Amino acid sequence: MKSAEEANRMLEHYDLTRSLRAAAELCGVSHHTVARQVALRDAGRPPGHAAGRERAIWPYLAKLEEWVDRSKGRIRADVAHDKLVALGYSGSERTTRREVAALKANWRAGHGRVHRPWVVEPGMWLQWDYGTGPVVGGRPSELFCAWLAWSRYRVVFPVRDKTLPTVVASLDRTLRAIGGVPTYALTDNEKTVTVEHVARIAVRHPVIVAASAHYGLTVATCLPADAPSKGGSEATVRLAKADLVPTDANLLEEYRTWAEAEEGAAAFCATVNGRPHRVTRRAPAEMLAEEQPHLHRVPEHPYTLAFGQTRTVGFDQPTVQHDWCVYSVPWRLRGEVVWVREVGDEVVVIHVGASGPAEVARHERTTPGNPRIDPSHFPPAPEGPLARTPVAQNAQEAAFLALGPGAAHWLREAASTGARRVRAKMADAVALGKVHGPEAVDWALGHAAVMGRFAEGDLASIVAHQARSSPGPARRASEDHSLAQGTGEWEGFGR
């Protein structure tokens, strides 16, 4: 095929000489070439255009168009080539790929979606979605990613799962982070939001309906397998994963603790919300201040499902179970219903009382068979078999224990050593108390218990020894009966 410049030169020499051979000699080509360019000009076709000739694939173009249309432009060229070979096509696969690519381009031009620009009103739309989060403490996590469509303000934080309590808790946290409730919230068709589709109509989960009514929010879902209908949240997920998920591309290390993952998410949000957005050319944090007056007020307390799953506190043992693990709860909540949810590496227990919800317990996550017990959640421990307080059962025992704490100590030690005639020795102690005083006998009983002296007469011996060794009351000589010589005789000396 000749270029347009060469074709024009041949036509120029032909017009000058009116001879095909003369023009061919001047241009250095065959006279047939000049004749072909003259014929193309007479037919109204552009100079240099090659005359078409029938190709081997032309008889099969109708079948290729049918396959492209039936597959909605998704059939692969290699599959189409194999089908053509089975129909008797003998051309090359390269030709098939060229024709399939052209037919696909034509099909998309006629059937592609045309998107109208979305003019967003402030305070109208919130979108959220999930992404695969980093590994935190050896366990995988998820990224909850939300954004306000007008201000482009993003809220991203890690969660452990995508269960229904986590969805409601994450939505509550997002609304409090942006400082208000928009009119609509758009998300994907997960089972926690949409139970099923009937005639393309989404059937909402009843709990999500109740939670959205609590916040005054309408939850909507995009069309199934239709990412363009929620492109904003998809972009937020993509950006958050690029900055938070440990990969070779962003060179971030694996997060060791949940606090580090939370700090990473907060740093990401501060970065993207503080810099100008490529569409609005303004920082999302600045635009959020303008959008907040258009948002509704967030309820004072979250929807109760945000606190987790309900559990009834045991009456005999004030504990609850979560994920087959046992956690203690303050004993004053015995028989009460509490809410249990895992937050990061901790298990939080919430009780909803007359004054509203309140956190009553927080434990580190444990494993089955290793309960988490907080001693402050239990009343004073009752006396066990190794430590019992003596309680009098009759008048003789009451008289002995009335001597003092040394008597109770003596009784416990004597009983543990198997001393004989305990009751008789208790009666002797009461009698000694009447003679020497209860304080002295109680002191002797305590020392006898410490030294292990429980034989006959040991108590009396200790009391007598103490009586002899202890000093009596201090005595001072009176001036009236002093033996010192006075000075009265010297009164008249020297007169």
Side-chain angles (χ1 to χ4, degrees), residues 115-131 133 142-159 162 166-190 192-194 204 208 211-223 226-244 262 264-300 302-303 306:
H115 298 279
R116 177 182 298 176
W118 187 20
V119 181
V120 187
E121 300 179 28
M124 187 68 67
W125 284 96
L126 170 75
Q127 294 179 292
W128 89 80
D129 201 359
Y130 293 93
E142 302 286 340
L143 282 180
F144 183 88
C145 306
W147 84 318
L148 279 172
W150 186 80
S151 62
R152 273 76 173 180
Y153 190 87
R154 291 178 174 87
V155 179
V156 178
F157 52 85
V159 294
K162 295 191 287 187
T166 302
V167 173
V168 178
S170 301
L171 190 59
D172 179 85
R173 178 176 174 179
T174 300
L175 297 178
R176 299 184 189 280
I178 63 178
V181 182
T183 305
Y184 301 102
L186 180 65
T187 184
D188 207 344
N189 288 277
E190 297 194 10
T192 52
V193 178
T194 302
R204 295 284 178 264
I208 287 295
S212 60
H214 174 80
Y215 293 102
L217 178 70
T218 301
V219 177
T221 55
C222 65
L223 295 176
D226 186 43
S229 61
K230 58 182 182 68
S233 57
E234 294 281 354
T236 299
V237 171
R238 184 172 62 254
L239 289 175
K241 290 172 65 176
D243 282 0
L244 291 178
E262 290 277 6
F268 165 78
C269 293
T271 301
V272 297
N273 293 327
R275 66 191 181 194
H277 193 272
R278 65 179 181 85
V279 176
T280 61
R281 299 301 179 182
R282 298 175 60 191
E286 176 187 346
M287 297 186 65
L288 177 64
E290 300 180 11
E291 187 173 10
Q292 283 179 339
H294 300 275
L295 302 175
H296 310 299
R297 182 179 178 181
V298 183
E300 181 180 0
Y303 188 66

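Predicted model, so just to flag it, every value in this text is computed and none were measured.
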So, do [X] and [Y] sit near enough that their side-chain heavy atoms are less than 4.5 Å apart?
| X | Y | result |
| --- | --- | --- |
| Cys269 | Tyr153 | no |
| Leu126 | Trp147 | no |
| Thr183 | His296 | yes |
| Val193 | Val219 | yes |
| Cys145 | Val156 | yes |

Indicate the atoms forming the closest heavy-atom contact of [X] with [Y], along with that distance.
| X | Y | result |
| --- | --- | --- |
| Gly216 | Val181 | O-CG1, 4.2 Å |
| Ala306 | Ala169 | O-CB, 3.4 Å |
| Ala211 | Tyr215 | O-CD1, 3.0 Å |
| Pro158 | Ala265 | CD-CB, 3.9 Å |
| Val120 | Ala149 | CG1-CB, 3.7 Å |

Q) Distance only, no hydrogens: is a donor on one side chain within 3.5 Å (strictly under) of an acceptor on the other, for Trp150 and Glu291? A)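 No, Glu291 and Trp150 have no side-chain donor paired with an acceptor closer than 3.5 Å.
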Q. Strictly by modelled atom types, are Thr194 and Arg204 linked by a side-chain donor-acceptor pair under 3.5 Å?
A.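 Result is yes, a qualifying pair exists.
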Can you tell me how far apart [atom1] ([X]) and [atom2] ([Y]) are? Round to the nearest 0.5 Å.
| X | Y | atom1 | atom2 | answer |
| --- | --- | --- | --- | --- |
| Trp128 | Thr187 | CH2 | OG1 | 4.5 Å |
| Glu142 | Ser170 | CD | OG | 10.5 Å |
| Leu217 | Leu175 | CG | CG | 6.5 Å |
| Asp188 | Gln127 | CG | CD | 11.0 Å |
| Phe157 | Glu262 | CZ | CD | 8.0 Å |
| Tyr130 | Thr192 | OH | OG1 | 6.0 Å |

List the residues meeting side chain to side chain contact (heavy atoms under 4.5 Å, CB included) with [X], not counting sequence neighbours, and say none if there are none.
| X | result |
| --- | --- |
| Ala283 | Glu286 |
| His214 | Pro299, Tyr303 |
| His294 | Pro122 |

Q) When you look at Val159 and Val167, which way does the side chain to side chain contact (heavy atoms under 4.5 Å, CB included) test go after all the steps? A) CA-CA 9 Å; Val159 294; Val167 173; over 6 Å; no
Q: Just jot down the salt bridge (charged side-chain N to carboxylate O under 4.0 Å, His left out) partners of Arg176, sequence neighbours excluded, or say none.
A: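 Counting only residues at least two positions away or on another chain, Arg176 forms a salt bridge (charged side-chain N to carboxylate O under 4.0 Å, His left out) with Asp172.
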Q: Ignoring hydrogens and angles, tell me if any N or O in the side chain of Gln292 forms a donor-acceptor pair with the backbone of Ile178 under 3.5 Å.
A: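 Checking the backbone N and O of Ile178 against the side chain of Gln292, a donor-acceptor pair under 3.5 Å is found.
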Q: Taking side-chain hydrogen bond (donor to acceptor under 3.5 Å, both in side chains) as the test, write out the residues that go with Glu290, two or more places apart.
A: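 Only Arg282 meet the side-chain hydrogen bond (donor to acceptor under 3.5 Å, both in side chains) criterion with Glu290.
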Q | For Thr166, side-chain hydrogen bond (donor to acceptor under 3.5 Å, both in side chains) partners two or more places apart | A |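 Partners of Thr166 by the side-chain hydrogen bond (donor to acceptor under 3.5 Å, both in side chains) criterion, ordered by chain and then number, come out as Asp161, Thr163.
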